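First the proteins, then the strands, lettered A, B, ... as listed; each starts at 1. This is a predicted model, so every value here is computed, not measured. Side-chain atoms are counted along with the backbone in the values below, which use heavy atoms only and exclude waters and symmetry mates.
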Amino acid sequence: MQPNQYRDVRLEKLGKLKALGLDVWPRKAKRTHGLAELVATYGDAAAWPNEKLEGLGLTVSVMGRVLTIREMGKSVFAHLSENGEKLQAFFRKDDVAEPGWEVLNLLDMGDFVSVTGSLMRTRTGELSVRVKAVQFLSKALLPLPEKWHGLQDKEQRYRQRYLDLVSNPEVLKTFQARSRIVSAIRRFMEDEGYLEVETPMMQPIPGGATARPFITHHNALDMALYLRIAPELYLKRLIVGGFEKVFEINRNFRNEGLSVRHNPEFTMMEFYAAGQDLRDMMALTEGLISGLARDIMGAEIIPWGEQAISYAAPFRRLTLKDAIAEYGGIERRLLEDDAAIRTLAKAVHIEDADTKTAGVLLGDLFEHHAEKQLIQPTFITDYPIELSPLTKTLEGDDRFVDRFELFIGGMELANAYSELNDPVDQMGRFQAQMAEREAGNDEAMLLDLDFVNALEHGFPPTGGEGIGIDRLVMLLTNSASIRDVILFPLMRPMKPAESEEKEG
RNA sequence: GGGCCUAUAGCUCAGUCGGUAGAGCAGCGGCCUUUUAAGCCGUUGGUCGCAGGUUCGAGUCCUGCUGGGCCCA
């Protein structure tokens, strides 16, 4: 931390405060009311005109961070902020007892104070505290970003999120919304009879998804461990064990690139319900997401950049092939013919179109033609089996599986299956994945023998799903980047590690 | 991995054709007892991301590197 003129000046003020005999770092704030509570109760100017406020004879103590100071000779106005709410403090030399008035010269933006006084309304009608006494709670030694523009530099906003939160009120609102959303999801799931469980984040065999894992090492056991890419295989073991409905909201880790939609660690909710299938998962998903929009965000239609998304249930349903046909402008019957699929894939320069199976190419074609255009909530169904090693096949067509992915705002938001519960079939699918891996696909799934063993003890028909919480929050808060809904997104360290410099 | 953009005062940003580095906010010193991005007067503050190069002269042009943003694969 480089000393600068601001810090020096504020250290000097700190010294003066101490010289006045004040405790600048008290252990507790003097506080009778929350700042937001006062604004909520007395903020309505029509209901609480100045005479009525003054008539209350109420003395309040509120704490807050000083955001602005307007000095006017022998009176001073300051806005205090707490939890995103603001309240004005009004100091008059005649009202404030010594050493309070003297102390005002030592007050800076960013400081925490508690003010004690009566409620009033100024000439312009703003609710204010007419201050009789000031208590210092904390002296800020460094200045806050500019009061009008806030902190704009994205790098600094992500690296020093605390400054972003203090100086950009809408950022605090977004993260408060995130907390309310996650809390509402938990209530919803519990009301649906699901129990929240916790399964390993460090796994000896990373399973449940196709992705590259982070690897770490356990010293005492001298073994490799992987940060989980999904909790799926553990949650299913719990269904085998007799849980009827379980869910888990927690972090997954995938060792892949960063983008506006990807952070290496991200939050996922996965849930499983015995006796249910894909239709049940769809119904629950619609109820959950449309309910969040309506009840938590207070709107059925929420803006998404230049567009607007309607979260009213029911969501549209479309098969993968129909989506390719509709959004790619491709004749539907071509998608029933493997050779035609290959030709279509080559036409849009999909890699390895000669060697991939038709099912894999259908997945590629969907991604290329349709995914980004699925702005309104849409369930895509009937996925090729090659892309879905943990999913039951469709009745009457074992090339496709009973799976949906939910797309909103051009993003994959959820992924659900009628879970594969035939252990022999499951073993075969794992073997196919192992062959893929042998062929060089390092994202193919690893064989988890204990998981197959669990299925062999009996796994009921089960509906299962994962919902990307970060992306859901992005949508509901109209945030363009996943970094805007993750408090501390991964950033490269500012300077190369010294150890690297010294090596060689 | 490729392409484009970007880095100037604590913060937000200007900086033309290569010719002495600027404004607003913040800070500091004044005036002002109902202000609202308060106002008025004065004023401090710079490793122009880093390293090279071209040039009489580089914030500006060139090369490389680093951080960040966006797009593509």
### Query
What pairs with A:Asn168 under side-chain contact (heavy atoms from CB on, under 4.5 Å), at least two apart in sequence or on another chain?
A:Leu151, A:Arg157, A:Asp164, A:Glu170, A:Val171

### Task
Using the C1' atom as the reference point in each nucleotide, state the distance between B:C48 and B:C61 in Å, no decimals.
16 Å

### Residues within residues 63-79 of chain A bordering RNA chain B, heavy-atom distance below 4.0 Å
A:Arg70, A:Glu71, A:Met72, A:Gly73, A:Lys74, A:Ser75, A:Phe77, A:His79

### Query
Hey, can you pull the residues of residues 153-160 of chain A with a non-hydrogen atom under 4.0 angstrom from RNA chain B?
A:Asp153, A:Lys154, A:Glu155, A:Gln156, A:Tyr158, A:Arg159

### Task
May I have all residue pairs that pass salt bridge (charged side-chain N to carboxylate O under 4.0 Å, His left out) and include part of residues 73-89 of chain A, sequence neighbours excluded?
A:Arg31-A:Glu82

### Task
Examine B:G68: is either OP1 or OP2 under 4.0 Å from a nitrogen or oxygen in the side chain of A:Arg492? Give yes or no.
yes

#### Entry: For A:Thr116, side-chain contact (heavy atoms from CB on, under 4.5 Å) partners two or more places apart
A:Lys30, A:Thr59, A:Ser61, A:Ala133

### Message
Under the rule for side-chain contact (heavy atoms from CB on, under 4.5 Å), what residues qualify as partners of A:Pro377, not counting sequence neighbours?
### Response
A:Ile309, A:Tyr311, A:Phe315, A:Leu406, A:Ile408

### Task
Apply side-chain contact (heavy atoms from CB on, under 4.5 Å) to A:Ala432 and list each qualifying residue two or more places apart in sequence or on a separate chain.
none

### Query
Are any of A:Arg130's side-chain N or O atoms less than 4.0 Å away from OP1 or OP2 of B:U35?
no

#### Entry: Any A:Arg7 side-chain nitrogen or oxygen under 4.0 Å from OP1 or OP2 of B:G10
no

### Query
With A:Lys52, which residues qualify under side-chain hydrogen bond (donor to acceptor under 3.5 Å, both in side chains), at least two apart?
none

### Message
What's the closest nucleotide to the side chain of A:Ser481 if the choices are B:C70, B:G69, B:C13?
### Response
B:C70

### Summary
Taking B:A37, B:C11, B:C70 as options, the one with an atom nearest any side-chain atom of A:Leu151 is B:C11

### Pairwise ring-ring contact (aromatic ring centres under 6.0 Å, His included) hits with a residue in residues 13-47 of chain A, at least two apart
A:Tyr42-A:Trp48

### Task
Taking atom P in both B:G49 and B:G2, compute the distance separating them and give it to the nearest angstrom.
24 Å

### Task
Please work out which residues in residues 108-122 of chain A have a non-hydrogen atom less than 4.0 Å from an atom of RNA chain B and list them by number.
A:Met109, A:Met120, A:Thr122

## Note on the structure
Which of B:C11, B:U35, B:C70 is nearest the side chain of A:Val260? It is B:C70

### Query
Is a side-chain donor-acceptor pair under 3.5 Å present for A:Asn263 with A:Arg483?
no

#### Entry: Residue pairs, two or more places apart or on separate chains, that pass salt bridge (charged side-chain N to carboxylate O under 4.0 Å, His left out) and touch residues 360-378 of chain A
A:Lys356-A:Asp364

### Query
Which one, B:C11, B:C25, B:A73, comes nearest to the side chain of A:Lys147?
B:C25

### Message
Strictly below 4.0 Å: does A:Lys372 bring a side-chain N or O up to OP1 or OP2 of B:C71?
### Response
no

Show each protein N/O and nucleotides 41-44 of chain B N/O combination with a separation under 3.5 Å, one pair to a line.
residue	atom	partner	partner atom	Å
B:U44	O2	A:Gln5	OE1	3.0

